[in-house]
J.: 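One structure coming up, written as structure tokens, with questions to follow.
Values below: every heavy atom of this structure, side chains too, minus hydrogens, waters and symmetry copies. If you read the sequence from its start, that first residue is 1, and numbering goes on from there. Keep in mind that this is a model prediction, so the values were computed, not measured.
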Amino acid sequence: MTISIVLCLTDTLSSAGIEALLRDRDGLKVVDVRPSTRSALEVVRSHGPDLVLGDRDLAESTDVAEIARLSKIIVISGGEGPDESARWLARGISAVLDEQTTPDVLFSAVEVVVGGSYLVVPPALALRLAQPAEDVPTRSRYLESVLTQREAEVLRLLADGLSNMDIARRMLVSDTTIRSHVHHMMRKLGVSSRTQAVSVAYRTGLLSPARNQEG
């Protein structure tokens, strides 16, 4: 399988270096290089690449949600704190990598993100999410910042044992909409099944038995 990639980096030198790196890697194909998110969105709409590799400008652009709907996104940037990284992930970005990332880490991130429903988070955010049990409220707030209100509601109803169809009836939306919410929620939590999603929610304090009974 060849992974198709569109580059959207505002720094010309960085773009050229990363392009050369990716072109030398078997299984990766750079299909286009664009200097702006608007032009990148046009390419994504017409060619449907597996991945868009961008920078902070892409993460902060008004087009990022549409691009994330059509393709996986990896952002390479530097100096962001865990709050900002979490906000970017909540906008649909699949991985946030430091600008000092090694080629091997970049290649691994590409394969992980394109190959499954997983997120690649920066160390600062990973440490924050992995805080000890007494800091559960902090971890819960971070996960709540990653999930949309609708995705969090779907997760709570999954924990109650409802099927997609039952949830759709409860929320007065289509089954297709619920499947989309479940897909995005699982991707953001870095899990591959509904059971794992519920488990993560309970372990991190996003859900608790008492809290769910109240809903």
Side-chain angles (χ1 to χ4, degrees), residues 1-80 82 84-126 129 146 180 182-193 196:
M1 170 186 169
T2 298
I3 297 174
S4 56
I5 302 172
V6 169
L7 291 183
C8 181
L9 299 164
T10 52
D11 186 298
T12 305
L13 289 178
S14 296
S15 182
I18 293 175
E19 180 183 2
L21 194 67
L22 295 174
R23 290 191 186 280
D24 283 342
R25 179 76 171 186
D26 290 339
L28 303 182
K29 180 181 180 181
V30 178
V31 296
D32 211 329
V33 179
R34 294 290 168 143
S36 70
T37 56
R38 175 56 59 179
S39 59
L41 177 57
E42 294 172 358
V43 174
V44 170
R45 284 171 172 164
S46 59
H47 294 289
D50 299 305
L51 177 73
V52 176
L53 187 60
D55 53 19
R56 182 188 183 88
D57 285 355
L58 173 62
E60 295 289 351
S61 77
T62 56
D63 297 316
V64 68
E66 176 68 7
I67 293 174
R69 188 180 67 81
L70 301 170
S71 173
K72 298 293 181 68
I73 300 176
I74 291 179
V75 165
I76 299 178
S77 191
E80 286 70 37
E84 192 164 30
S85 297
R87 182 167 57 81
W88 289 354
L89 295 171
R91 301 188 75 192
I93 289 169
S94 298
V96 180
L97 303 179
D98 186 85
E99 57 190 4
Q100 302 302 318
T101 293
T102 65
D104 285 342
V105 170
L106 173 59
F107 296 147
S108 295
V110 169
E111 293 171 0
V112 166
V113 165
V114 173
S117 299
Y118 295 95
L119 297 177
V120 178
V121 303
L125 179 56
L129 292 174
V146 169
S180 176
V182 170
H183 169 76
H184 290 298
M185 174 265 295
M186 288 169 52
R187 182 173 63 82
K188 290 177 181 180
L189 294 179
V191 298
S192 56
S193 74
Q196 288 176 347

J.: For a quick test of reading the model, state the closest non-hydrogen atom pair linking P49 to V31 and the distance between them.
T.: CB-CG2, 4.4 Å
J.: Once rounded to the nearest 0.5 Å, what's the spacing between atom CD of E111 and atom CG of L28?
T.: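 The CG atom of L28 is 7.0 Å from CD of E111, to the nearest 0.5 Å.
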J.: So L106 and L97, side chain to side chain contact (heavy atoms under 4.5 Å, CB included) or not? Walk me through it.
T.: CA-CA 8 Å; L106 173 59; L97 303 179; 3.8 Å; yes
J.: Is there a donor-acceptor pair closer than 3.5 Å between any side-chain N or O of S71 and the backbone N or O of A68?
T.: no
J.: Can you tell me how far apart CD1 (I74) and CG (L51) are? Round to the nearest 0.5 Å.
T.: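 Between I74 CD1 and L51 CG, I get 4.5 Å after rounding to 0.5 Å.
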J.: Do L22 and L7 come within less than 4.5 Å of each other through their side chains, counting heavy atoms only?
T.: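 SC-SC contact between L22 and L7 confirmed.
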J.: Determine whether a donor-acceptor pair (N or O, by modelled atom type, separation under 3.5 Å) exists between the side chain of S15 and the backbone of T12.
T.: no
J.: Please report the closest heavy-atom contact between V113 and K72, naming both atoms and the distance.
T.: O-NZ, 2.8 Å
J.: Verify salt bridge (Lys or Arg N to Asp or Glu O under 4.0 Å) between E42 and R45, making sure each step is shown before the conclusion.
T.: CA-CA 5 Å; E42 294 172 358; R45 284 171 172 164; over 6 Å; no
J.: Side chains of S77 and D55: donor-acceptor distance under 3.5 Å anywhere?
T.: no
J.: Which atom names give the shortest non-hydrogen contact between A59 and V64, and what distance separates them?
T.: O-CG1, 4.0 Å
J.: Using a 6.0 Å cut-off, check whether atom CZ of R38 has over 12 heavy atoms from anything other than its own residue.
T.: no
J.: Is any side-chain heavy atom of E66 closer than 4.5 Å to one of L41?
T.: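 Yes, side chains in contact.
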J.: Distance from I5 atom CD1 to R23 atom CZ, nearest 0.5 Å?
T.: 10.0 Å
J.: Please report the interatomic distance SG(C8) to CG(D32), rounded to the nearest 0.5 Å.
T.: 10.5 Å
J.: What distance separates T101 OG1 from F107 CZ, expressed to the nearest 0.5 Å?
T.: 12.0 Å
J.: If you compare all heavy atoms of R34 against all heavy atoms of S39, which two are closest, and at what distance to 0.1 Å?
T.: CB-OG, 3.4 Å
J.: Per the side-chain contact (heavy atoms from CB on, under 4.5 Å) rule, which among D63, T37, L70 passes with V44?
T.: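 The passing option is L70.
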J.: What is the distance from atom OG of S14 to atom CD1 of I76, rounded to the nearest 0.5 Å?
T.: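 It comes to 8.5 Å.
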